[in-house]
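Each remark here refers to the structure printed beneath this line.
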Amino acid sequence: MEYNFTKIEQRWQRYWAKNKTFKSEIDHTKAKFYVLDMFPYPSGAGLHVGHPLGYIASDIFSRFKRLKGFNVLHPMGYDAFGLPAEQYAIQTGQHPAVTTALNITRYREQMDKIGFSYDWDREVQTCDPDYYKWTQWAFIEMFHSYYCYDEQQARPISELEEVFAMQGACGINVACSETLTFSAAEWNAMSEQEKQEVLMNYRIAYLGETSVNWCSVLGTVLANDEVKDGFSVRGGHPVEQRMMKQWQLRVSAYAERLLNSLETLAWSDSLKEMQRNWIGKSEGAEMLFKVRNGVEEYDMCIFTTRADTVFGATFMVLAPESEWVEKLTVPEQRAAVEAYLLAAKKKTERERMTETHKASGVSTGSYAINPFTKEQIPVWISEYVLAGYGTGAIMAVPAHDSRDYLFAKQFNLPIVPLIEGCDISSESFDAKEGVMCNSGFLNGLSVQEAIPAAIDEVERLGIGKRKVNYRLRDAIFSRQRYWGEPFPIYYKEGVAVPMPIEALPLALPEVDKYAPTETGEPPLGRSKDWNYQGYPIEKSTMPGFAGSSAYYLRYMDPLNSDALVSREANDYWQDVDLYIGGTEHATGHLIYSRFWNKFLFDRGYVCQDEPFKKLVNQGMIQGRSNFVYRIMNTNTFVSLGLKDQYETTELHVDVNIVENDRLDIEAFKAWRPEFGDAEFVLEEGQYICGWAVEKMSKSMYNVVNPDQICIDYGADTLRMYEMFLGPLEQAKPWDTNGIDGVFRFLKKVWRLFFDKDQFFVHQEAPSAQELKALHKLIQKVENDIEQFSFNTSVSGFMIFVNELMDLKCRKQAILEPFLILLSPFAPHITEELWSLLGHSQSISKATYPKYNQAYTVENIFEYPVSVNGKLRFKKELPLGISADEVEKAILSDDQLDKYLGGATVKKVVVVPGRIVNVVC
RNA sequence: GCUCGGGUGGUGGAAUAGGUAGACACGCAGGACUUAAAAUCCUGUGGGCAGUAAUGCCUGUACGGGUUCGAUUCCCGUCCCGAGCACCA
């Protein structure tokens with residue numbers, strides 16, 4: 001009987017859906033295990049062959065854990081709000097909900113064909129009002145909260161109001177936009193509106209003026225991680241900086257906790273490192289420098305991480321946007337400074353970035369006093385100093401900072417080395433190592449000792465204090481778009497007093513068009529009845545990361561209409577044990593989600609501080625493009641091996657008409673009209689195409705669709721092949737050249753159960769050799785799955801099947817456990833064979849076979865050996881080796897002497913071919 | 001520039017703890033079955049040398065050193081590739 005994968009796969013997919021085989025319920029008799037995929041944005045292009053890579057891995061893991069007796073939660077849903085559907089809506093007038101629903105249907109069909117074991121009863125869609133009700137709810141909770149640094153947690157803002165009424169704002173240690181100082185009396189005297197304005201300074205979700213990335217083409221602001229090199233990530237439109245009043249989330253309050261608890265997570269080092277960079281903690285000091293413009297004297301504050309180098313600070317530099325520029329520019333320099341500021345302003349973000357290796361600047365004409373050397377040092381302006389970081393002003397230490405060095409060389413400023421023996425003739429010495437010199441009381445200390453010593457002195461002199469800076473900024477939460485969650489906020493007295501709307505969900509209104517209004521308002525401005533009890537409602541919507549920040553919690557209890565997740569469900573499912581998805585979310589979703597979860601944890605809504613215990617990044621699947629070579633000015637194509645004999649141009653050719661790099665010539669002629677009469681220079685009767693690894697994209701004709709693989713080879717082959725391709729975390733090109741090997745393997749599996757056309761298995765007891773093969777496999781597969789080394793488990797299966805074929809083994813006692821082992825990888829074929837063996841229940845309800853070491857330890861021998869104090873190793877030690885045979889030497893006598901040093905060997909532990917240990 | 005990965009046959013990739021390098025698969029070559037093809041099965045396959053042959057020897061994990069009886073694996077230096085960050089003081 002043939003291996004008819006189409007029929008088998010249809011049958012079992014229907015069976016699983018009908019019987020709800022993978023439905024998961026709270027079950028206190030079993031340990032839980034939560035396996036989560038990053039849910040997809042349902043784009044119009046459908047799934048390509050790269051998407052399922054992570055889904056297959058997580059599915060294998062889920063099925064494996066189920067067989068191991070865990071109660072597995074394995075849900076799937078859609079991140080359904082987003083820009084593409086909205087842009088399509090602007091162009092066509094089609095409601096984004098319609099487009100989105102259509103795409104979701106297509107995604108679902110494609111996923112179902114691959115045989116995933118999702119519990120679809122738990123599906124969520126972020127654009128569903130019953131879902132975004134809880135996104136809005138969390139926002140209101142953040143609105144009603146502030147962050148207390150003493151307690152290191154978010155707390156109800158009503159507590160803060162009490163504090164203000166009792167003691168005012170002095171001396172409180174809480175997160176805020178700007179430090180306010182008012183007394184209890186002043187607070188109590190404020191009007192309601194004034195109080196609301198003050199509270200906004202402390203709320204975790206707050207409305208505030210900020211510099212934003214504004215994209216005028218899209219008509220919306222973007223988050224930092226939605227902008228790359230001055231262009232929007234989606235669409236590639238130019239982005240500029242602009243001050244605007246926006247809703248923000250006080251993520252920066254959580255910077256320290258987000259950084260610290262990274263330690264507890266089983267994430268890859270590179271991903272943790274990316275988050276650390278993004279949070280960007282730097283410990284240093286703020287220091288005051290006296291500055292004089294010839295008329296007046298001020299104290300100017302700077303931030304430095306290298307307080308130890310203060311003796312080498314030979315000049316100061318201000319950011320062009322710094323408020324000090326105005327105060328410190330002396331009359332004679334005014335013209336030059338203004339010219340410089342104008343030139344700096346004109347430069348685009350991009351130009352500033354590409355000119356990092358050039359120093360530019362202008363002197364203010366003012367001087368500062370170095371508080372340690374007491375010398376007068378000039379104050380300069382340069383765009384290499386950023387206004388948005390630290391205080392927008394620095395002390396420049398050219399000997400030990402490469403940017404300051406470049407600047408000093410350019411403008412002939414003095415360079416004073418501070419570390420013994422460092423060479424600063426051609427570049428600065430930036431490393432934090434060595435012994436200090438030229439540094440007064442710091443002389444003789446190492447850099448590591450000098451840094452705290454210098455700060456101590458600064459604090460003692462009262463000219464500064466320790467200070468930690470973070471690069472992480474608050475998340476800008478407003479988007480001027482239609483297709484997102486509306487803010488549950490209305491404005492009571494003009495714009496000044498935003499109030500929450502507690503009746504949720506606040507559903508997205510219908511509008512006639514999806515573009516911004518003619519007056520430049522967001523699209524929601526088009527709705528005529530967008531008001532709450534007559535008051536206007538906020539017209540922005542929430543960004544993409546809003547809906548994805550807590551979806552893993554909603555899966556635990558998706559139908560609950562009283563809470564995001566019930567206490568009971570959250571206590572049982574706890575957190576995500578395994579999260580699989582791409583690295584592209586490292587600094588976006590994965591930061592926001594952790595922040596969101598920590599907030600809910602602080603407020604007692606969830607029981608875990610961190611949402612994702614273990615995280616695995618699947619590598620991106622790239623396209624493998626094929627090329628044909630056209631001889632210049634002809635319609636003749638020359639095969640790869642002969643192309644160097646001609647002058648040719650390289651053309652992309654559709655990978656779907658190429659097999660194993662051989663061009664299907666007839667299909668090529670039919671592909672495009674201009675190739676209809678093409679001629680070919682062949683090698684050995686074939687046209688061989690060239691190839692290259694590129695991004696998978698339509699324009700490169702290298703997109704491979706999973707549906708076609710399912711039709712040609714079946715889902716089981718697709719699943720196993722995607723795993724066999726290489727290590728999960730590694731980026732790799734999609735290459736169908738090897739898929740036949742996996743397909744052959746599955747056909748062999750099928751044939752193991754058939755004699756001629758009859759289903760046939762033996763009932764005899766298995767031999768020792770057969771048991772050994774089986775238990776080796778159990779051990780290997782188990783280890784490999786736990787370590788996400790799915791490619792080597794596939795190899796293990798292949799070896800095992802070849803062994804069974806050599807042994808001509810058809811024994812049920814061997815085949816049955818083998819099917820269970822294989823079922824996570826190839827669920828359809830194993831279900832079919834399992835039922836042919838007479839089982840009435842799905843194989844996913846079976847129990848994972850237990851590894852029995854007794855069948856594999858026979859590989860290891862322990863022999864006491866004493867050979868005149870000398871041991872000689874034979875390179876290859878076969879099974880059943882005797883002590884005499886160990887004696888037969890291969891190492892030379894002098895090597896042995898070195899190794900043993902004349903000791904007497906008592907015991908040697910040997911695995912065939914490999915000495916494990918020698919006891920002397 | 002900084003940080004983190006990585007460099008193994010024609011190709012994708014194996015190699016728990018330093019112990020037979022190249023598992024498994026693709027491709028290729030040869031063979032069996034077949035009128036033929038497909039499918040299937042068998043044999044060979046890092047490079048070099050010697051031999052009629054079984055086989056033997058040399059060499060080999062980017063490059064140069066080191067530690068070790070023994071290094072793809074550990075250490076130092078160099079080169080190259082990938083990813084992320086990037087005037088963050």
Side-chain angles (χ1 to χ4, degrees), chain A residues 2 268-278 280-282 284 302-306 309 313 317 319 352-353 355-359 382-386 388-397 400-404 406-407 427 430 469-472 583-584 586-587 617 619-620 624 660-661 691 721 724-727 729-733 735-742 744-745 747-748 751 779-780 783-784 787 789 791-800 802 805 871-877 890-901 910-918:
Chain A
E2 281 275 293
S268 71
D269 290 336
S270 66
L271 196 81
K272 288 191 197 177
E273 192 61 25
M274 281 164 74
Q275 291 220 336
R276 276 187 210 112
N277 284 341
W278 194 257
K281 178 177 184 173
S282 54
I302 58 104
F303 175 75
T304 180
T305 54
R306 293 293 303 273
T309 61
V317 189
R352 278 179 78 152
M353 275 187 300
E355 288 171 9
T356 53
H357 50 280
K358 281 189 252 166
S382 174
E383 54 184 10
Y384 83 83
V385 176
L386 302 175
Y389 184 81
T391 62
I394 62 159
M395 66 173 196
V397 185
H400 303 291
D401 182 288
S402 52
R403 295 153 299 178
D404 299 343
L406 205 67
F407 195 83
E427 57 182 358
D430 290 12
N469 261 336
Y470 298 94
R471 214 173 64 101
L472 184 70
T583 346
E584 65 271 20
T587 53
N617 291 119
M620 215 204 309
R624 187 179 188 278
N660 288 345
D661 290 336
W691 61 272
Y721 185 59
F724 189 60
L725 217 44
E729 310 202 21
Q730 189 177 304
K732 49 204 164 260
D735 179 355
T736 41
N737 284 351
I739 201 165
D740 287 329
V742 172
R744 268 175 216 151
F745 161 76
K747 283 191 284 193
K748 281 187 203 171
R751 279 204 311 273
Q779 191 190 24
K780 176 165 181 56
N783 280 343
D784 288 349
Q787 291 165 34
S789 179
N791 55 331
T792 52
S793 3
V794 177
S795 301
F797 285 120
M798 288 176 173
I799 296 166
F800 178 76
N802 287 340
M805 295 190 100
L871 177 70
R872 301 180 159 199
F873 301 122
K874 193 172 189 294
K875 251 190 183 170
E876 200 168 322
L877 295 162
I890 226 179
L891 294 185
S892 64
D893 283 347
D894 52 324
Q895 277 179 318
L896 277 168
D897 284 341
K898 270 200 217 167
Y899 182 32
L900 296 173
V910 174
V911 174
R914 183 173 141 192
I915 291 117
V916 173
N917 195 14
V918 177

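Since we're looking at a predicted model, the values are computed, not measured. All chains are named by letter (A, B, ...) in the order of the sequence lines, taking the proteins before the strands, and each is independently numbered beginning at 1.
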Nearest-nucleotide pick for Met274(A), side chain only, options being A89(B), G84(B), U16(B): G84(B)

Residue mapping more 5' on RNA chain B - nearest nucleotide basis, Asp735(A) or Asn469(A): Asp735(A)

Gln730(A) CD - G84(B) P separation (whole Å): 16 Å

N/O donor-acceptor pair under 3.5 Å between Thr736(A) side chain and Ile739(A) backbone: no

Nearest-angstrom distance from the residue atom CG of Asp404(A) to P of G1(B): 19 Å

Donor-acceptor side-chain pairing of Asp430(A) and Ser402(A) below 3.5 angstrom: yes

C1' spacing across the pair G13(B) / G66(B), given as an integer number of angstrom: 30 Å

Distance below 4.0 Å between Lys747(A) side-chain N/O and U40(B) OP1 or OP2: yes

Euclidean distance, Met620(A) CE relative to Gln730(A) CD, rounded to 0.5 Å: 13.5 Å

Phosphate-side-chain proximity, Arg471(A) and A86(B), N/O vs OP1/OP2 below 4.0 Å: yes

5'-to-3' dot-bracket of RNA chain B (Watson-Crick, G-U; under 3.5 angstrom; crossing pairs as [ ]; | other strand): (((((((..(((......[....)))((((((.......))))))(((((....)))))..(((((..]....))))))))))))....

Separation between the P atoms of A23(B) and A14(B), rounded to whole Å: 13 Å

Euclidean distance, atom CH2 of residue Trp278(A) to atom C1' of C2(B) [Å, nearest integer]: 17 Å

Atom pair distance, as rounded to whole Å: NZ in Lys780(A) and P in A14(B): 10 Å

Residue pair Gly392(A) / Val385(A): nearest heavy atoms and the distance that separates them: O-CG1, 3.7 Å

Base orientation of G9(B), syn vs anti, 90° cut from 0: syn

Nearest atoms (heavy-atom pairs only) where Lys748(A) meets Met805(A): CD-SD, 3.7 Å

Sugar-phosphate, base or nothing in reach of Ile394(A), heavy atoms under 4.0 Å: base

Whole-Å distance separating the CZ atom of Arg276(A) from the C1' atom of A83(B): 16 Å

Earlier contact from the 5' end, RNA chain B, for Gly392(A) and Ser402(A): Ser402(A)

Interatomic distance at C1', A15(B) relative to U8(B), whole Å: 10 Å

Distance, P atom - from U43(B) to A83(B), rounded to whole angstrom: 42 Å

Sugar-phosphate, base or nothing in reach of Gln787(A), heavy atoms under 4.0 Å: nothing

Pairing residues for Arg276(A) by the salt bridge (Lys or Arg N to Asp or Glu O under 4.0 Å) criterion, not counting sequence neighbours: Glu263(A), Glu273(A)

Side chains of Ile394(A) and Tyr384(A) in contact at under 4.5 Å (non-hydrogen atoms): yes

Integer-rounded Å distance: G13(B) C1' and Asn737(A) CG: 14 Å

Distance in Å, Thr391(A) OG1 paired with Ile302(A) CD1, rounded so as to fall on 0.5 Å steps: 6.5 Å

Separation between the P atoms of U16(B) and G6(B), rounded to whole Å: 14 Å

Gap in Å between the two P atoms, one belonging to U72(B) and one to G64(B), rounded: 13 Å

Distances under 3.5 Å between nitrogen or oxygen atoms of protein and nucleotides 80-82 of chain B:
none

Spacing of Tyr721(A) atom OH and Phe745(A) atom CZ [to the nearest 0.5 Å]: 15.5 Å

Nearest-0.5 Å distance, CG of residue Asn802(A) to CZ of residue Phe800(A): 11.0 Å

For nucleotides 3-10 of chain B, print each protein N/O atom paired with a nucleotide N/O atom at under 3.5 Å, atom names and distance only.
unit_1: U3(B); atom_1: O2'; unit_2: Glu273(A); atom_2: OE2; d: 3.2

Separation of A89(B) P from Met395(A) CE (nearest whole Å): 12 Å

Spacing of CG belonging to Leu472(A) relative to CD belonging to Gln275(A), to within rounding of 0.5 Å: 9.5 Å

Touch class at under 4.0 angstrom, heavy-atom based, for Pro733(A) against every strand present: nothing

Minimum heavy-atom distance between Gly390(A) and Phe303(A), given as atom pair plus value: CA-CB, 4.1 Å

Flag, side chain of Asp404(A) to backbone of Val397(A), donor-acceptor distance under 3.5 Å: yes

For Asn791(A) against Gly726(A), the heavy-atom pair lying closest together: ND2-C, 3.7 Å

Distance, C1' atom - from C26(B) to G9(B), rounded to whole angstrom: 13 Å

Non-hydrogen atoms of Met798(A) and Gly741(A) that approach each other most closely: CE-O, 4.1 Å

Partner set under salt bridge (Lys or Arg N to Asp or Glu O under 4.0 Å) for Lys780(A), not counting sequence neighbours: Asp784(A)

Rounded C1' spacing from C75(B) to U68(B) in Å: 12 Å

Nucleotides 22-25 of chain B: which of its N/O atoms have a protein N/O under 3.5 Å away?
unit_1: A25(B); atom_1: OP1; unit_2: Asn802(A); atom_2: ND2; d: 3.2

Closest listed nucleotide, where the reference is the side chain of Ser282(A) and the choices are U40(B), U16(B), A89(B): A89(B)

